[in-house]
Protein chains: 2
Amino acid sequence: MARDVKRKYGGIGAGRRVSERRAKLLAAGLQAFGTKGFAGSSVKEICGLAGLTERYFYESFANKEDLLRCVYHGLVEDLVQSAEQILKSGGSREDPAMALVRLFFETLRDDPRIARVLYFEVLGVSPAIDAAYREGTRKMIQVVKETVATAFPGMDEQFLERSIITTGLAGAVNLILMRWVLEGFSPPLETMLDEAALLLEKVRRAGFLTRIIHDGFRD
Amino acid sequence: MARDVKRKYGGIGAGRRVSERRAKLLAAGLQAFGTKGFAGSSVKEICGLAGLTERYFYESFANKEDLLRCVYHGLVEDLVQSAEQILKSGGSREDPAMALVRLFFETLRDDPRIARVLYFEVLGVSPAIDAAYREGTRKMIQVVKETVATAFPGMDEQFLERSIITTGLAGAVNLILMRWVLEGFSPPLETMLDEAALLLEKVRRAGFLTRIIHDGFRD
DNA sequence: TGATTTTGACAAGAAGAAATGTCAAAATCA
DNA sequence: TGATTTTGACATTTCTTCTTGTCAAAATCA
């Protein structure tokens with residue numbers, strides 16, 4: 001399979017060819033892990049998807065687990081980057097918090113493989129992967145923190161840093177997304193977004209967070 | 001190993017002996033999955049822990065995955081039952097919501113194997129396990145719903161049923177617990193409980209949920 | 001006691017995968 | 001063109017595991 005892969009090693013430098021192979025393997029890893037799961041995917045299979053052979057696998061990755069770690073890391077990195085962009089360029093007419101929510105929902109719905117890797121395949125594989133997950137979660141929580149700080153100006157950042165509120169919020173989004181994935185993306189995106197928007201609006205109108213803070217949280 | 005296991009098959013009926021073996025295997029499964037993980041545990045190992053041989057494994061379980069499913073199911077069942085008991089017998093002087101929170105935190109801290117199976121090992125193994133997880137999560141969300149209904153009397157149950165609030169709440173607890181587990185149960189239990197109590201108190205004082213409801217959520 | 005059931009130890013087949021190694025063909029370079 | 005590098009196919013080795021099967025010893029029953 002993949003017999004007609006172009007092989008020009010003169011025009012393209014060696015280093016670049018290696019990284020192109022690496023990219024192919026990453027894409028194949030997402031495909032394999034995201035559809036058949038980590039345990040259900042063999043290195044040979046992944047190489048087949050990438051149109052490469054095992055030799056090139058071990059050129060870029062120590063083992064299958066290492067590939068999973070890199071795939072996961074890339075997904076988190078992409079998501080966080082998109083999120084940061086949304087937060088920084090407040091140009092969008094949409095509420096930044098809602099724009100974030102939309103980003104997550106749309107990303108996962110449009111590529112369920114991402115959802116599977118991000119939420120299901122990365123857990124309980126090995127201590128190294130657990131560490132990567134821990135780091136990924138930390139980044140996501142950071143994004144949530146920045147989002148709250150943006151959506152509720154005047155919020156005490158120190159408070160956000162210390163409290164479990166942001167972790168809780170991230171967890172809420174997390175489980176809602178997980179269930180949505182498991183339910184096959186039903187109800188449809190727009191319904192979910194409407195509900196989220198309504199909830200956010202009510203939270204604002206109730207002055208929930210600001211009340212909690214200014215009501216003297218630590219007295 | 002386990003050479004001195006008592007073997008009286010006359011005094012104890014056949015069916016009972018089978019279920020005793022089954023129980024031993026379930027305990028061994030929790031031990032294995034909860035310390036070395038699902039992928040890192042072999043059937044032979046589990047049998048060794050149970051003091052039984054492979055023949056008896058397949059007497060009670062179709063395969064390793066089946067054992068994981070049963071272990072997980074048992075853990076969820078126990079937790080839910082403890083929770084229901086706390087909720088029904090409102091006798092405890094403690095706030096039922098906090099009693100629930102305490103139950104979860106204490107259970108996981110006192111037996112981290114439970115935490116590992118419940119939160120990490122059960123994901124991404126197979127469609128059958130995913131289904132079990134889905135059902136387990138559903139039950140947990142149900143408990144959260146009942147807790148909120150108890151803690152905030154006058155709450156519109158229909159609203160709770162329909163909204164994503166309960167899922168979000170369950171997710172919040174979920175991730176907070178996961179991180180706590182991953183951080184090696186630091187900060188200590190009492191700190192976590194204090195923070196949770198403070199948060200709950202503030203939510204009450206802000207009249208958050210009731211405001212959201214009575215403010216006309218669906219207008 | 002002698003027969004029978006249950007049990008534990010272990011063999012062994014079947015299967016699959018991880019990771020490394022070999023080698024000739026294809027592509028490229030000089 | 002001829003030499004060299006890169007590449008793909010595949011063999012191989014070494015494991016590991018699941019799962020079934022065999023068989024004698026121990027416990028029990030009649």
Side-chain angles (χ1 to χ4, degrees), chain A residues 1-25 28-29 32-33 36-71 121 125-126 128-129, chain B residues 1-25 28-29 32-33 36-71 121 125-126 128-129:
Chain A
M1 57 194 77
R3 172 177 285 256
D4 26 291
V5 170
K6 302 277 168 75
R7 301 192 234 166
K8 355 170 181 172
Y9 57 88
I12 304 176
R16 176 161 173 177
R17 260 175 302 130
V18 170
S19 67
E20 274 177 5
R21 279 194 290 262
R22 194 187 133 95
K24 276 186 192 171
L25 284 165
F33 298 151
K36 309 185 74 177
F38 178 75
S41 307
S42 74
V43 173
K44 188 168 268 183
E45 241 179 291
I46 294 166
C47 293
L49 287 172
L52 298 169
T53 53
E54 294 105 303
R55 197 149 55 85
Y56 294 112
F57 184 91
Y58 297 101
E59 172 192 66
S60 283
F61 303 97
N63 45 46
K64 198 172 65 157
E65 188 188 303
D66 189 31
L67 175 64
L68 175 62
R69 197 175 49 77
C70 294
V71 169
E121 296 303 325
V125 172
S126 78
I129 303 285
Chain B
M1 58 194 75
R3 174 178 284 258
D4 25 292
V5 169
K6 302 276 169 74
R7 302 193 233 164
K8 357 168 182 172
Y9 56 88
I12 304 175
R16 175 160 174 178
R17 260 173 301 130
V18 170
S19 67
E20 274 176 6
R21 279 193 290 262
R22 195 186 133 95
K24 277 186 191 171
L25 285 165
F33 298 150
K36 310 185 72 176
F38 177 76
S41 307
S42 74
V43 172
K44 187 167 269 181
E45 243 178 292
I46 294 166
C47 292
L49 287 172
L52 298 170
T53 53
E54 295 105 303
R55 200 149 53 84
Y56 294 112
F57 184 91
Y58 296 101
E59 173 191 65
S60 283
F61 303 98
N63 46 45
K64 196 170 66 155
E65 189 188 303
D66 189 30
L67 175 64
L68 174 62
R69 197 175 51 76
C70 293
V71 169
E121 296 303 325
V125 172
S126 78
I129 303 287

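Fair warning: this is a prediction, and the values are worked out from it, not measured in the lab. Note on naming: letters A, B, ... go to the chains in the order of the sequence lines (proteins, then strands), and numbering restarts at 1 for each one.
Using a 4.0 Å cut-off on heavy atoms, none of the residues of residues 36-45 of chain B approach DNA chain C.
Rounded to a whole Å, the OH atom of A/Tyr58 is 7 Å from the P atom of C/dT20. Atom C1' of nucleotide D/dG21 and atom CD of B/Glu59 are separated by 16 Å, given to the nearest angstrom. For the pair B/Leu25 CG and C/dG8 P, the computed distance is 11 Å after rounding to whole Å. Taking atom CD of residue B/Glu54 and atom C1' of nucleotide D/dT22, one finds them 13 Å apart after rounding to whole Å. One atom, CG of A/Asp66, and another, P of C/dA18, lie 14 Å apart when rounded to the nearest Å. The distance between atom CD of A/Glu20 and atom P of D/dT7, rounded to the nearest whole Å, is 10 Å.
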DNA chain D base-pair string [pairs: Watson-Crick or G-U under 3.5 Å; |: paired with another strand]: ||||||||||||||||||||||||||||||
CA sep, side-chain torsions, deciding dist, call: A/Phe33, A/Leu67, side-chain contact (heavy atoms from CB on, under 4.5 Å): CA-CA 10 Å; A/Phe33 298 151; A/Leu67 175 64; 4.0 Å; yes
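Among the heavy atoms of the strands, none lies under 4.0 Å from B/Phe57.
For D/dG21, the base has no donor-acceptor partner in the side chain of B/Arg55 [N/O atoms by modelled type, under 3.5 angstrom].
Using a distance-only test at 3.5 Å, with no hydrogens or angles considered, a donor-acceptor pair links the side chain of B/Lys64 to the main chain of B/Phe38. Looking at B/Ser19, its side chain never comes within 3.5 Å of a backbone N or O of B/Arg22 through a donor-acceptor pair.
Side chain of B/Lys64, nearest nucleotide from D/dC18, C/dT7, D/dT7: D/dC18.
A sub-4.0 Å separation between OP1 or OP2 of D/dT7 and a side-chain N or O of A/Tyr56 is present.
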